[in-house]
Structures are given as C-alpha cells and as structure tokens.
Asker: 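Please read through the structure below; I'll follow up with questions.
Numbers here are sequence positions counted from 1. Keep in mind that the numbers below use all heavy atoms, side chains included, and drop hydrogens, waters and symmetry copies.
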Amino acid sequence: MSPETSTASHGLDYEALLARCTFPPAGAPLTCAVSGGPDSLALMVLAVRSGCVVTAVHVDHGLRPGSAAEAEVVAEAARELGAGFRAEQVRLSPGPNLEARARAARRAVLPDDAATGHTMDDQAETVLVNLLRGSGVDGLAAMREGARHPLLGLRRSEARAVCADMGLEPVSDPSNADPRFVRNRVRHELLPLCCAIAGRDLVPVLARQAMVLAAEADLLDSLAGSVDPTSARSLAEAPAILARRAVRRWLRAGGPHPPDLAAVDRVLAVARGEAIATEVPPGVRVSRRAGRLSAGSVRTASPVMSRGDGTA
C-alpha cells in the first residue's frame, strides 16, 4: 500500500470520524505514541488523514519476548501511511507498580505534547479507576480532550474498524488481559457489570461526566490562581475549596501526583498556626514563619518552594 492509496476513501466515513476527533490544524507537526495496538494504529491513520505532519514513536519496554519486533509493525504502517517513524527503548524490571513505571518511562522518551490513542472507552475506564483510588474532581475529570488525546470522541470498536478497513494487523498485547492490573479488571469485569446493572451503555455517560468535571476543575483552577498558597492570610481569607486547591497545586509542582486531602489539610493547619510544621509526601516539610509558608526537603530543610503565583 503506497502513501497515496493509504489515504484514499475506503469503506468507513473518515470525514465523520475526524469530525469527532481533536487533532491540531492540518499542516501541524504531531508526534503519535504508537505501540502497534489497534487504538494507536488508528490514531496514526486518522492523524495522517487530518493533514498533520505525523511522526510515529514506538517505545519498547522490553517486558515481553519479541517485543522489539513490534516496532517493525509500526514502522511498516508508518511507511505505508507516509508518516515519519522513530523507535525508542527503555528497560523495566518486573515488580510492583509496573504500569505506573511503564507510563513514566514512556513519558521520559516522548515529547510532552505527544498524542495517544486513548478512546472514549479508555476515558470511561479511567473515571472508574480514579474513583476506586479515591481521586477528587481532577481524577474524575480524567483525560482532557485536545491534541494530546484526539480520539476521546471515538469508541474502541471504531478504532478497530479503522485498522480493519486499512488492512492493518495490530499487535496483540497479552498484558491487556492480565487480571493483576486494576485497569484490566475494570475493563473486563467492573464496567460490564455497571452497564448490566444500569441496563445501558455507560461509556458515553461516564465520558460526559468527565467532560463536565473537567470544565469545573478548570474554573476552580482559575479562581484558585488568585490565592497565594504561601500566605497564611491569603489562605485564611479564601473559601476552603480554593485554599485547598491552591495548596495542592503548590505542593504538586515538579511531581506527577497531587498530595492527598489529609496532607493538604495538615498544611492548612500550619497556615492557621495550629501546628509549627508538617511533612507531606514525598519528603517535603512545610513550615510557617512571619505569616509565610515555605516548603523544603525533609532531609536538608532547605527551601524548595516560595510564593507567589500558586506554583513553585
């Protein structure tokens, strides 16, 4: 299949599919994370059809025998579609938190604005996974629509249909059926059970709820931007929900995850003068002096954050 024929009209209505995607404007460069699975291959196909200048990046984690050969599947598909290609290798050892470590390793070798092939089904699963973890509004808002997640308006079945229509044979990842991973149990057990209880397909419902909560989270972030998280007076004068959000954003700076509610409330207790200092994960000590809060390493007690606009 040549680049010319690869973008010709096939059996699917690609114009209708693209209308529900959020790709950048035609001509814009776009890096696509492509594992070789059906969703990421569909991402590459639709990105090319949208007119973006696409570079597919395959990341081999080295966790399965023969995983390096999967890069060639992606490379061949990229050649057929007229997209660029790059292969990256990272090395992970089996053990706890494998999914989280794999995500971190991928992020390290991908540009910050790389697009992924997450679909509406992934969005619904993310909402449930974050609910099980006790996440707040931000977690339940899940992934945000835009250039980084351009397929959130499509179903997983539609991504598979794109691959079939284009004659692409996706890579099968056996880890997607491994019940040791929470997401797999949510996908294969919890979400189907919820749909059966509700008597309807809950994927669009959960995706819409995530979109609503994302808008509300953005509004709260905007309002919390006026609160100085290092000023005891500013925190005291702000509504509790905005004070918590300002502190959470401040402490999250430089880390992948926000602190939990208990840690944030301990910091607010320091701001109110109810405690001299407190420690919050991962290894940060927050203290107050002359009405100002500072945060530093527990080990060195040297300041690592200071004022001013809600960030480090």
Side-chain angles (χ1 to χ4, degrees), residues 1-18 20-24 26-92 102-103 105-119 121-122 147-152 154-178:
M1 182 169 54
S2 68
E4 291 77 12
T5 59
S6 68
T7 56
S9 178
H10 290 229
L12 291 181
D13 186 346
Y14 286 93
E15 186 174 340
L17 292 176
L18 287 170
R20 289 187 279 128
C21 297
T22 53
F23 287 105
L30 182 66
T31 299
C32 294
V34 185
S35 66
D39 298 348
S40 62
L41 286 176
L43 167 71
M44 181 166 54
V45 170
L46 293 170
V48 169
R49 285 180 171 269
S50 75
C52 291
V53 180
V54 177
T55 299
V57 179
H58 178 273
V59 181
D60 174 23
H61 298 90
L63 294 173
R64 302 190 309 278
S67 61
E70 296 170 3
E72 184 53 37
V73 173
V74 178
E76 177 61 24
R79 284 192 292 270
E80 292 176 345
L81 293 165
F85 173 75
R86 186 172 82 250
E88 297 282 357
Q89 288 187 329
V90 297
R91 286 293 173 259
L92 296 173
R103 282 194 299 271
R106 282 195 299 274
R107 291 194 191 102
V109 297
L110 289 168
D112 292 338
D113 59 353
T116 68
H118 293 103
T119 65
D121 297 80
D122 295 299
R148 292 188 65 241
H149 302 294
L151 303 190
L152 292 183
L154 303 183
R155 297 301 298 267
R156 186 174 290 139
S157 59
E158 292 176 308
R160 283 161 169 71
V162 167
C163 292
D165 189 66
M166 298 295 294
L168 298 174
E169 295 186 13
V171 170
S172 177
D173 183 353
S175 69
N176 287 332
D178 191 335

Asker: Testing Thr116, Asp122, Leu151 one by one against Asp39 for a side chain to side chain contact (heavy atoms under 4.5 Å, CB included), which residue passes?
Answerer: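 Going through Thr116, Asp122, Leu151 one by one, the side chain to side chain contact (heavy atoms under 4.5 Å, CB included) with Asp39 is satisfied by Asp122 alone.
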Asker: Provide the closest heavy-atom pair for Val53 versus Gly27 in the form atom of the first, atom of the second, distance.
Answerer: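 For Val53 and Gly27, the tightest heavy-atom pair comes out as CG2-O, 3.7 Å.
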Asker: What I'd like to find out is whether the side chain of Val59 reaches to under 4.5 Å of the side chain of Ser35, using heavy atoms alone.
Answerer: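 Val59 vs Ser35: side chains apart.
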Asker: Please evaluate residues Glu88 and Asp60 with respect to the criterion side-chain contact (heavy atoms from CB on, under 4.5 Å), reporting the C-alpha separation (whole Å), side-chain torsions for both, the decisive distance (0.1 Å), and the verdict.
Answerer: CA-CA 6 Å; Glu88 297 282 357; Asp60 174 23; over 6 Å; no
Asker: Locate the shortest heavy-atom distance separating Ala77 from Met44; write the atom from each residue and the value.
Answerer: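 That closest heavy-atom pairing would be CB-CE, 3.6 Å.
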Asker: Restricting to non-hydrogen atoms, name the atom on Ala26 and the atom on Ser50 that form the minimum distance, rounded to 0.1 Å.
Answerer: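 The answer is CB-O, 3.6 Å.
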Asker: Identify the two heavy atoms, one from Pro24 and one from Cys52, that lie closest to each other, and give their separation to 0.1 Å.
Answerer: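 Smallest heavy-atom distance, with atoms named: O-SG, 3.6 Å.
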Asker: Do Leu17 and Val162 come close enough that some side-chain heavy atom pair is under 4.5 Å?
Answerer: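 A side-chain contact under 4.5 Å exists here.
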Asker: Begin with the C-alpha distance, continue with both residues' side-chain angles, and end with the deciding distance and a verdict on side-chain contact (heavy atoms from CB on, under 4.5 Å) for Asp173 and Glu70.
Answerer: CA-CA 10 Å; Asp173 183 353; Glu70 296 170 3; over 6 Å; no
Asker: What is the distance from atom CD of Glu158 to atom CG of Asp165, rounded to the nearest 0.5 Å?
Answerer: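 Taking CD in Glu158 and CG in Asp165, the distance rounds to 12.5 Å.
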Asker: Measure the CG-NE2 distance between Leu43 and His149 for me, rounded to the nearest 0.5 Å.
Answerer: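 So the CG of Leu43 and the NE2 of His149 are separated by 11.0 Å.
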Asker: Hey, mind stepping through Val57 and Leu110 against side-chain contact (heavy atoms from CB on, under 4.5 Å) and telling me if it holds?
Answerer: CA-CA 8 Å; Val57 179; Leu110 289 168; 3.6 Å; yes
Asker: Can you see which heavy atom on Ala147 is nearest to which on Ala115, and at what distance?
Answerer: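 Closest heavy-atom pair between Ala147 and Ala115: O-CB, 3.4 Å.
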Asker: Among all residues two or more places apart in sequence or in another chain, which pass the side-chain contact (heavy atoms from CB on, under 4.5 Å) test with Asp178?
Answerer: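 side-chain contact (heavy atoms from CB on, under 4.5 Å) check on Asp178 returns Arg180, Phe181, Asn184.
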Asker: Does Val109 form a side-chain contact (heavy atoms from CB on, under 4.5 Å) with Val90? I'd like the steps, not just the answer.
Answerer: CA-CA 8 Å; Val109 297; Val90 297; 3.9 Å; yes
Asker: My understanding is that only one of Val74, Val73, Val171 makes a side chain to side chain contact (heavy atoms under 4.5 Å, CB included) with His58; could you say which?
Answerer: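 Considering Val74, Val73, Val171, a side chain to side chain contact (heavy atoms under 4.5 Å, CB included) with His58 is found only for Val74.
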Asker: Please list, chain by chain and in numerical order, all residues satisfying salt bridge (Lys or Arg N to Asp or Glu O under 4.0 Å) with Glu169, sequence neighbours excluded.
Answerer: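 Once residues adjacent in sequence are excluded, Glu169 has no partner under the salt bridge (Lys or Arg N to Asp or Glu O under 4.0 Å) criterion.
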Asker: Quick check for you: to the nearest 0.5 Å, what is the distance between Arg20 atom CZ and Glu15 atom CD?
Answerer: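 Arg20 atom CZ to Glu15 atom CD measures 12.5 Å (nearest 0.5 Å).
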Asker: Between the side chains of Glu76 and Arg79, is the shortest nitrogen-to-carboxylate-oxygen separation below 4.0 Å, so that they form an ion pair?
Answerer: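 Looking at Glu76 together with Arg79, the answer is yes, because their closest N to O distance falls below 4.0 Å.
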Asker: What do the steps show when you test Arg155 against Asp121 for salt bridge (charged side-chain N to carboxylate O under 4.0 Å, His left out), and what is the final call?
Answerer: CA-CA 6 Å; Arg155 297 301 298 267; Asp121 297 80; 3.0 Å; yes
Asker: Do you know which two heavy atoms are closest between Thr55 and Phe85, and how far apart they sit?
Answerer: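 Shortest heavy-atom contact: CG2-N, 4.2 Å.
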Asker: Distance from Cys21 atom SG to Tyr14 atom OH, nearest 0.5 Å?
Answerer: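 Separation between the atoms: 11.5 Å.
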Asker: How many angstroms lie between CG in Leu41 and CE in Met166, if you round to the nearest 0.5 Å?
Answerer: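 The CE atom of Met166 is 10.5 Å from CG of Leu41, to the nearest 0.5 Å.
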